[in-house]
Amino acid sequence: MAAADNVQRTSRQQYSDIATNGPALHAAHIGIASMLTALIARMNSGGTLIEAVEEQYGSRFATRELTEARLRRLCERVKLPDETPKQVTRIAQSMYAASQVSSRLGCRASPCLEVTLTAYRQMRLLQNLTTQALAVPKATVALLSALPIVTILLGELLGARPLEFLLDQTRGLVCLLLGACCYAAGLLWVCALLRERA
């Protein structure tokens, strides 16, 4: 009787440790790729997908069912600062699809998650290459954006008095307004191009 009580108490203590310390331990932003690797390792060592997800989440779920919302919350908890909401959503959907395939067909979920991990790594590689490719155009845009102001300041230093021309005469005001409109349109256009490529 005492032995059974001890086993029950130990079991309850483990679950309460997971419930209380788990979120603190697992709230660290280890990244989605590391989380997927940990899930695969846990399942390859004999655990189920729900157990692996609960272990990463840091607490037990009220029902023994994986939903896309739970998987999305897990991904949001572990994601790195440069991992986007789009990536979180896509991986949560892929993990949910893997769990559904596993439960309906009776196959192991770890091969499906390995495919998800491979796809995620390719997604991250594409993101890194895009960031590198856009670094030079972004720097160029920043430099060219400051060029009109620098030009006016240099003109003032050289004694050409461009501000006097731009602000005092009608022709100057027309030139200033036309230049400002072209400048704003160019900035908006370039920013839209960079946002589209990002």
Side-chain angles (χ1 to χ4, degrees), residues 25-41 53 56-57 68-98 110-198:
L25 293 172
H26 294 283
H29 299 285
I30 61 172
I32 292 174
S34 298
M35 180 265 298
L36 285 170
T37 304
L39 291 178
I40 292 166
V53 170
Q56 287 300 308
Y57 195 78
E68 189 179 326
R70 283 178 175 166
L71 293 170
R72 184 179 286 116
R73 279 196 304 272
L74 171 62
C75 292
E76 285 170 354
R77 287 175 79 162
V78 300
K79 78 180 184 79
L80 296 171
D82 64 335
E83 291 174 325
T84 63
K86 182 180 176 183
Q87 291 170 342
V88 166
T89 300
R90 187 171 294 177
I91 294 304
Q93 290 170 344
S94 299
M95 290 170 65
Y96 181 69
S110 56
C112 298
L113 287 180
E114 285 170 6
V115 172
T116 300
L117 177 59
T118 302
Y120 180 70
R121 285 182 174 149
Q122 291 172 348
M123 194 188 318
R124 289 286 287 171
L125 178 62
L126 180 63
Q127 179 191 12
N128 291 338
L129 291 174
T130 303
T131 303
Q132 289 173 4
L134 292 178
V136 173
K138 283 180 179 177
T140 305
V141 167
L143 179 65
L144 292 177
S145 299
L147 198 56
I149 297 166
V150 171
T151 305
I152 289 172
L153 290 175
L154 282 174
E156 287 293 329
L157 285 173
L158 293 172
R161 290 184 273 176
L163 283 176
E164 185 180 320
F165 169 76
L166 290 172
L167 299 175
D168 284 349
Q169 301 176 16
T170 306
R171 288 178 298 168
L173 285 172
V174 170
C175 290
L176 180 63
L177 289 174
L178 188 61
C181 289
C182 291
Y183 177 77
L187 269 182
L188 289 173
W189 179 59
V190 170
C191 288
L193 284 175
L194 289 175
R195 201 167 32 248
E196 188 180 300
R197 297 284 181 261

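Only a predicted model underlies this, so the values are computations on that prediction, with no experimental measurement involved.
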Discussion item. With side chain to side chain contact (heavy atoms under 4.5 Å, CB included) as the criterion, how do Q56 and V53 come out once you've worked through the C-alpha distance, each side chain's angles and the decisive distance to 0.1 Å?
Written reply: CA-CA 5 Å; Q56 287 300 308; V53 170; 5.8 Å; no
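- In this structure, H29 contributes its side chain and R77 its backbone to a donor-acceptor pair below 3.5 Å.
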Worksheet item: After noting the C-alpha distance and the side-chain angles of L36 and M95, does the key distance pass the side chain to side chain contact (heavy atoms under 4.5 Å, CB included) rule?
Response: CA-CA 9 Å; L36 285 170; M95 290 170 65; 3.9 Å; yes
Item to complete: For E68 and R72, run salt bridge (charged side-chain N to carboxylate O under 4.0 Å, His left out): C-alpha distance rounded to whole Å, both residues' side-chain angles, the deciding distance at 0.1 Å, then the answer.
Response: CA-CA 6 Å; E68 189 179 326; R72 184 179 286 116; 2.9 Å; yes
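- Looking at residues two or more places apart in sequence or on another chain, you find no side-chain contact (heavy atoms from CB on, under 4.5 Å) involving V115.
- How far CG of L113 is from CD1 of I91: 9.5 Å, rounded to the nearest 0.5 Å.
- Side-chain contact between L187 and V141: present, with at least one pair of heavy atoms (C-beta onward) separated by less than 4.5 Å.
- No donor-acceptor distance shorter than 3.5 angstrom exists from the side chain of Y57 to the backbone of R73, with no hydrogens or angles considered.
- K86 NZ to M123 CE: the interatomic distance, rounded to the nearest 0.5 Å, is 8.5 Å.
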Fill in: Worked check of side chain to side chain contact (heavy atoms under 4.5 Å, CB included) between L80 and I30
CA-CA 7 Å; L80 296 171; I30 61 172; over 6 Å; no
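- Closest heavy-atom contact between I32 and C75: CG1-O, 4.2 Å.
- Partners of S94 under the side-chain hydrogen bond (donor to acceptor under 3.5 Å, both in side chains) rule, at least two apart in sequence or in another chain, do not exist in this structure.
- With rounding to the nearest 0.5 Å, the separation of CE in M35 from CG in L74 is 4.5 Å.
- Nearest heavy atoms, S145 versus Y183: O-OH, 2.5 Å.
- Residue L39 holds its CG atom at 10.0 Å from CG of L117, rounded to the nearest 0.5 Å.
- Of the options L143, I149, L144, a side-chain contact (heavy atoms from CB on, under 4.5 Å) to L147 is made by L144 and by none of the others.
- Not counting sequence neighbours, the partners of R124 by the salt bridge (charged side-chain N to carboxylate O under 4.0 Å, His left out) test are D82.
- For residues 113-122, the pairs satisfying side-chain hydrogen bond (donor to acceptor under 3.5 Å, both in side chains) are E83-Y120, with sequence neighbours left out.
- With sequence neighbours excluded, no residue forms a salt bridge (charged side-chain N to carboxylate O under 4.0 Å, His left out) with E156.
- Contact check for L167 versus L176: side-chain heavy atoms found under the 4.5 Å cut-off.
- Applying the salt bridge (Lys or Arg N to Asp or Glu O under 4.0 Å) test to residues at least two apart or on different chains, the pairs with a partner in residues 164-180 are R161-E164.
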